[in-house]
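This structure is a prediction, so every number in the text was calculated from the model and none was measured. Reminder, nothing fancy here: chain letters follow the sequence lines and each chain counts from 1.
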2 protein chains.
Amino acid sequence: MAAQRSRRRIPEATVARLPVYLRILGEQFEIGVANISSEELAELAGVNAAKVRKDLSYLGSYGTRGVGYDVEFLVYQIRRELGLTHDWPVVIVGAGNLGQALAGYNGFGDRGFPVGGIVDIDDSKVGSVVGGVRVRHLDEIKQVVQARNISIGVIATPGAAAQDAADSLVAAGVTSILNFTPTVINVPHGISVGKVDLAVELQILAYHEQRRANAAQGSVMQSLSGLLIPGESRRGASA
Amino acid sequence: MAAQRSRRRIPEATVARLPVYLRILGEQFEIGVANISSEELAELAGVNAAKVRKDLSYLGSYGTRGVGYDVEFLVYQIRRELGLTHDWPVVIVGAGNLGQALAGYNGFGDRGFPVGGIVDIDDSKVGSVVGGVRVRHLDEIKQVVQARNISIGVIATPGAAAQDAADSLVAAGVTSILNFTPTVINVPHGISVGKVDLAVELQILAYHEQRRANAAQGSVMQSLSGLLIPGESRRGASA
DNA sequence: AAACGTTTGTGCACGTTTTCACAAAGCCAG
DNA sequence: CTGGCTTTGTGAAAACGTGCACAAACGTTT
Ligand SMILES: NC(=O)c1ccc[n+]([C@@H]2O[C@H](COP(=O)([O-])OP(=O)(O)OC[C@H]3O[C@@H](n4cnc5c(N)ncnc54)[C@H](O)[C@@H]3O)[C@@H](O)[C@H]2O)c1
Ligand SMILES: NC(=O)c1ccc[n+]([C@@H]2O[C@H](COP(=O)([O-])OP(=O)(O)OC[C@H]3O[C@@H](n4cnc5c(N)ncnc54)[C@H](O)[C@@H]3O)[C@@H](O)[C@H]2O)c1
């Protein structure tokens, strides 16, 4: 009776890398690669080979020593572990520029996340069709979510409305939220939240740019004081 | 002569949170809040107060014990540390759906990252104007970058063209890249790369959804075997 | 000017993630 | 079926990130 079922807990850092491996493996499979070593996969994913092996080891012992991993089988196992064996329809809240772009973007549904519904609070948006889906009113979100058994919601409203949107999603029964607004949202315990913030990414890059600029200036100063070894010019390792 | 200049190295995890604090502090300043405690800021940012204090301590000792932090001063210090005291124009490669959406999005320039240029390889796109900027041909990227002294590039091409786009950007003199395609790009040492991948975020959420589903099923099984304490129903802590 | 309540700044312990390094396991050639 | 080559899977160490807990510092009140 011992349920030998998965129930391994996979480290969050690994979960974030599995989708990257998955995509690469899918591409390799497409071009006829049947087998791949941790070294090759690591190269393609831009990470350390030992890390790849440890990551994959959380799925089970699916490699063959001296040979590598069967690409097709590995794709199946990762998909299984990530819960990608079936589609996860999503509901988008906010049918503005971003909401419409997302709804119209196929790379969304192609990856198993079809747009199951779009809602907006603005009556002038309600009724229009974007990406083949008719925009419904925010008030109907519960019907939309329950009709297609949706558990993932995407927030694409202005930042000021993000908390409202999150509350509506949770009330409608959604248990995972991807937030595209810059606003931090509060959700009840047990709800997962992912965040995509353009400005944050750019600001991180700006920080590294500035460091480089400062370091370069520092180097010049050192150079002037005769301390910089030629050929060893400083460049922040940040890639 | 000892250059007492910054040159503190700030942990990457902290760098990723500073933009969040910055936005919140800006909002608080707007609504007239002059002073804030680490506790309050932590609450608004959804993190631990000790973490906030440690993060801010990397900037220097700018708080006042028993009082808190001066909001305006802190905004200034974070902006300074992140290198946001001046604008960082960006060049967008790829004027398709995403490229046009980004170019037309004001929250971009508003945060100090104006679109300094857009290039595309498709002649039918060249010459059109999006977001007030005229699309130039990829071949002219070097002129575009150098004319405005751009150091940040954004890749919004199809995934298959991402490496090409990265190579072009690096050749043109860009030293930081934000990659919106799902493709992993290789860049020379010393170039910073940020990545925004929608599918990865959704797949991470799917994983948590699936775990919840499995755990719930597990609970039912436990319940059936009399092991589930009522009121203690399992819900994965993932928020 | 002392006593008090508040909040910072940070040492320390703990948890997580990365990396190293190597035995175990497989394939293949002879 | 043995020996040599390759590559996995994983302990153990190192590096990194988080959160607790508390002394030090500050403003206020008496
Ligand atoms: N446009 C971009 O390229 C881009 C890029 C990155 C991030 N973002 C972020 O995405 C969000 C949306 O941007 P946008 O350009 O699409 O804005 P937008 O103004 O075009 O669209 C917002 C939509 O949300 C609707 N809305 C407002 N309150 C609502 C509510 N409570 N419930 C449901 N719908 C509501 C509005 O009616 C509108 O249709 C913003 O937070 C923005 O910062 C946009
Ligand atoms: N549209 C979305 O909502 C969305 C969301 C997330 C991610 N993405 C990703 O963003 C990328 C772009 O998506 P899109 O919908 O804008 O695609 P798109 O096809 O509309 O636009 C791509 C543009 O890039 C140009 N291009 C192609 N090769 C080029 C090259 N070598 N140099 C310069 N330009 C080149 C094309 O001419 C085209 O104009 C894709 O990788 C996609 O996966 C898109």
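We find that CD of A:Glu12 is positioned 15 Å from C1' of D:dG17, with the value rounded to whole Å. Taking atom CG on B:Asp55 and atom P on D:dG17, their separation rounds to 11 Å, with Å as the unit. Rounding to whole angstrom units, NZ of residue A:Lys51 and C1' of D:dG11 are separated by 19 Å. Distance CZ (A:Arg9) to C1' (C:dT17): 12 Å, rounded to an integer number of Å. Rounded to whole angstrom, the span from the CG atom of B:Leu59 across to the C1' atom of C:dT10 amounts to 15 Å. Between the CD atom of B:Glu39 and the C1' atom of D:dG19 there is a distance of 13 Å, rounded to whole Å. Between the P atom of D:dG17 and the CG atom of B:Leu18 lies a distance of 13 Å, rounded to the nearest Å. Residue A:Leu74 contributes atom CG, which lies 13 Å from atom C1' of D:dT8 at whole-angstrom precision.
Side chain of B:Arg53, nearest nucleotide from C:dA23, C:dT18, C:dT10: C:dT10. Checked against D:dC20, C:dA21, D:dA23, the side chain of A:Ala50 finds its nearest nucleotide in C:dA21. Comparing D:dG9, C:dC27, C:dG9 by their closest approach to the side chain of A:Val67 singles out C:dC27. Counting only heavy atoms from C-beta on, B:Arg65 has its side chain closest to C:dG9 among D:dC20, C:dG9, D:dG9.
Side chain A:Lys54 to base D:dG9: no donor-acceptor pair is found below 3.5 Å.
Residue-to-nucleotide proximity on DNA chain C shows that, of A:Ala13 and B:Ser38, the 5′-proximal contact is made by B:Ser38.
Between A:Tyr69 and A:Tyr62, a ring centre-to-centre spacing not shorter than 6.0 Å is recorded.
The phosphate of C:dG9 has OP1 or OP2 within less than 4.0 Å of a side-chain N or O from B:Tyr69. Here B:Thr64 does not reach the OP1 or OP2 of D:dC26: none of its side-chain N or O atoms lies under 4.0 Å away. Put simply, B:Asn48 has no side-chain N or O that comes within less than 4.0 Å of OP1 or OP2 on D:dG17. In this model, the phosphate group of C:dT7 is not approached by any side-chain N or O of B:Ser37 to a distance below 4.0 Å at OP1 or OP2.
Under 3.5 Å, the side chains of B:Thr85 and B:Arg80 contain no donor-acceptor pair of N or O atoms.
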Hey, mind stepping through B:Arg211 and A:Arg9 against side-chain contact (heavy atoms from CB on, under 4.5 Å) and telling me if it holds?
-> CA-CA 9 Å; B:Arg211 287 212 100 232; A:Arg9 217 190 132 271; 3.8 Å; yes
Between B:Thr183 and A:Arg23, does a side-chain hydrogen bond (donor to acceptor under 3.5 Å, both in side chains) hold up when you go through it step by step?
-> CA-CA 9 Å; B:Thr183 304; A:Arg23 180 177 292 262; over 6 Å; no
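Note on A:Tyr62: only backbone sugar-phosphate atoms sit closer than 4.0 angstrom, heavy atoms only; bases stay farther off.
Looking only at distances, a side-chain donor or acceptor of A:Ser168 sits under 3.5 Å from a matching main-chain atom of A:Asp164.
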